[in-house]
2 protein chains.
Amino acid sequence: MATKTAAQRREQARIDYDAFLRSCPSHQLLGRLSDKWVSLVIAALSTGPERYSDLGRRIPGVSPKMLTQTVRTLERDGIVSRTVTPSVPVRVDYELTPLGRSLAGLLTAVKDWAETHFEEVRTAREAYDRENPA
Amino acid sequence: MATKTAAQRREQARIDYDAFLRSCPSHQLLGRLSDKWVSLVIAALSTGPERYSDLGRRIPGVSPKMLTQTVRTLERDGIVSRTVTPSVPVRVDYELTPLGRSLAGLLTAVKDWAETHFEEVRTAREAYDRENPA
DNA sequence: CGGCATCCTCGGCGATACTG
DNA sequence: CAGTATCGCCGAGGATGCCG
């Protein structure tokens, strides 16, 4: 068939989107921040440096794998720094870089927003659920 | 065996985490915002009301399903409003509520941060990749 | 046009076990 | 202690088709 299917058109859109992402820094970083654990790790580090296992304990439900993965990408992006102390046993500390601290400030603002407006959201949800009974 | 395995301990942690989430509004909303499309939809609406299909076009790569899903939860949370004009064909407009607009301001701040600091991030990535080949 | 139900895939993530 | 390697599952999300 000569005419494109909806799927083909959307795939084209995906390609365009990738190109768009490559040329659009902000969306790239925005996407990174949308990761479930990223905000939690940054929040956990915003009060000061933390060891690997302490981090794991402060973020309930995270697996070692995801913790490492998250912390790695954040290190790569220059958001956190990783310090290895070659004692026995080894000790590894993670800490927000200045860059990371500036970002943490913004996330804190979002968190504060969530706290102040949660009541409104809850009310809105209840109203919505009342009007749209399952 | 009487002693708990690591998995059991983490599952317990998950349960604790769920309870924590239920009692901790900010993390609940934070989680919601971590959704990939949420920030994009809010960003797309921050410049003004938009029709359903226009939204879809302004957010490359989104499927109708996800667009609807995202926009629904945002409506439920009182972040966006949905206006149906029962003409033929139907016309549906989405718009940020005042609540949504206050949130959009914060997300814009994050976006601005991303734009200002993207160079630093890029540099950090290159340095990291140079030191950690493959 | 806008939207929902259904099916199906595919990769993210958790569990487990092993190393420096 | 701080990871890495491997496997397997499950559910988010894309494709498709049908309604108001």
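Numbers restart at 1 for each chain; the letters A, B, ... are given by sequence-line order, proteins then strands. Being a predicted model, the structure only gives us computed values, none of them experimental. Keep in mind that the numbers below use all heavy atoms, side chains included, and drop hydrogens, waters and symmetry copies.
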Counting only side-chain heavy atoms from C-beta out, which of [options] sits nearest to [X]?
{"X": "Ser53(B)", "options": "dG2(C), dG14(C), dG14(D)", "answer": "dG2(C)"}
{"X": "Arg72(B)", "options": "dG3(D), dC13(C), dC4(C)", "answer": "dC4(C)"}
{"X": "Thr68(B)", "options": "dC4(C), dG3(D), dG14(C)", "answer": "dC4(C)"}
{"X": "Met66(B)", "options": "dG3(D), dG14(D), dG2(C)", "answer": "dG14(D)"}

Can you tell me how far [atom2] of [N] sits from [atom1] of [X], to the nearest Å?
{"X": "Tyr52(A)", "N": "dG20(C)", "atom1": "OH", "atom2": "P", "result": "18 Å"}
{"X": "Glu50(B)", "N": "dG2(C)", "atom1": "CD", "atom2": "C1'", "result": "15 Å"}
{"X": "Ile59(B)", "N": "dG14(D)", "atom1": "CD1", "atom2": "P", "result": "12 Å"}
{"X": "Leu67(B)", "N": "dG13(D)", "atom1": "CG", "atom2": "P", "result": "13 Å"}
{"X": "Trp37(A)", "N": "dG14(C)", "atom1": "CH2", "atom2": "C1'", "result": "10 Å"}
{"X": "Asn132(A)", "N": "dC4(C)", "atom1": "CG", "atom2": "C1'", "result": "14 Å"}
{"X": "Asp35(A)", "N": "dA12(D)", "atom1": "CG", "atom2": "P", "result": "15 Å"}
{"X": "Arg82(B)", "N": "dC1(C)", "atom1": "CZ", "atom2": "C1'", "result": "12 Å"}

Between [X] and [N], is there a contact of a side-chain N or O with OP1 or OP2 at under 4.0 Å?
{"X": "Tyr94(A)", "N": "dG3(D)", "answer": "yes"}
{"X": "Arg91(B)", "N": "dG20(D)", "answer": "no"}
{"X": "Arg51(B)", "N": "dC1(C)", "answer": "no"}

- prompt: With a 4.0 Å cut-off, would you call Arg76(B) and Asp129(A) a salt bridge?
  reply: yes
- request: For Val92(B), answer base if it contacts any base atom (sugar-phosphate contacts may also be present), sugar-phosphate if it contacts only those atoms, and nothing otherwise; contact means non-hydrogen atoms under 4.0 Å.
  value: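 Sugar-phosphate, no base atom in range.
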field: Main-chain N/O of Trp37(B) paired to Asp35(B) side chain as donor or acceptor, under 3.5 Å
entry: yes
task: Verify whether one side chain among Arg58(B) and Thr47(B) offers a donor that lies under 3.5 Å from an acceptor in the other.
output: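 Yes, a side-chain donor-acceptor pair sits under 3.5 Å.
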query: Would you say the side chains of Tyr94(A) and Thr83(A) form a donor-acceptor pair under 3.5 Å?
result: no
task: Tell me which of Val90(A) and Arg57(B) sits closer to the 5' end of DNA chain C, going by the nucleotide each one is nearest to.
output: Arg57(B)
- prompt: On DNA chain D, nearest-nucleotide positions of Lys65(B) versus Pro89(A): which is more 5'?
  reply: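 Result of the comparison: Pro89(A).
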task: Verify side-chain contact (heavy atoms from CB on, under 4.5 Å) between Leu45(B) and Val80(B), making sure each step is shown before the conclusion.
output: CA-CA 9 Å; Leu45(B) 285 176; Val80(B) 309; 3.8 Å; yes
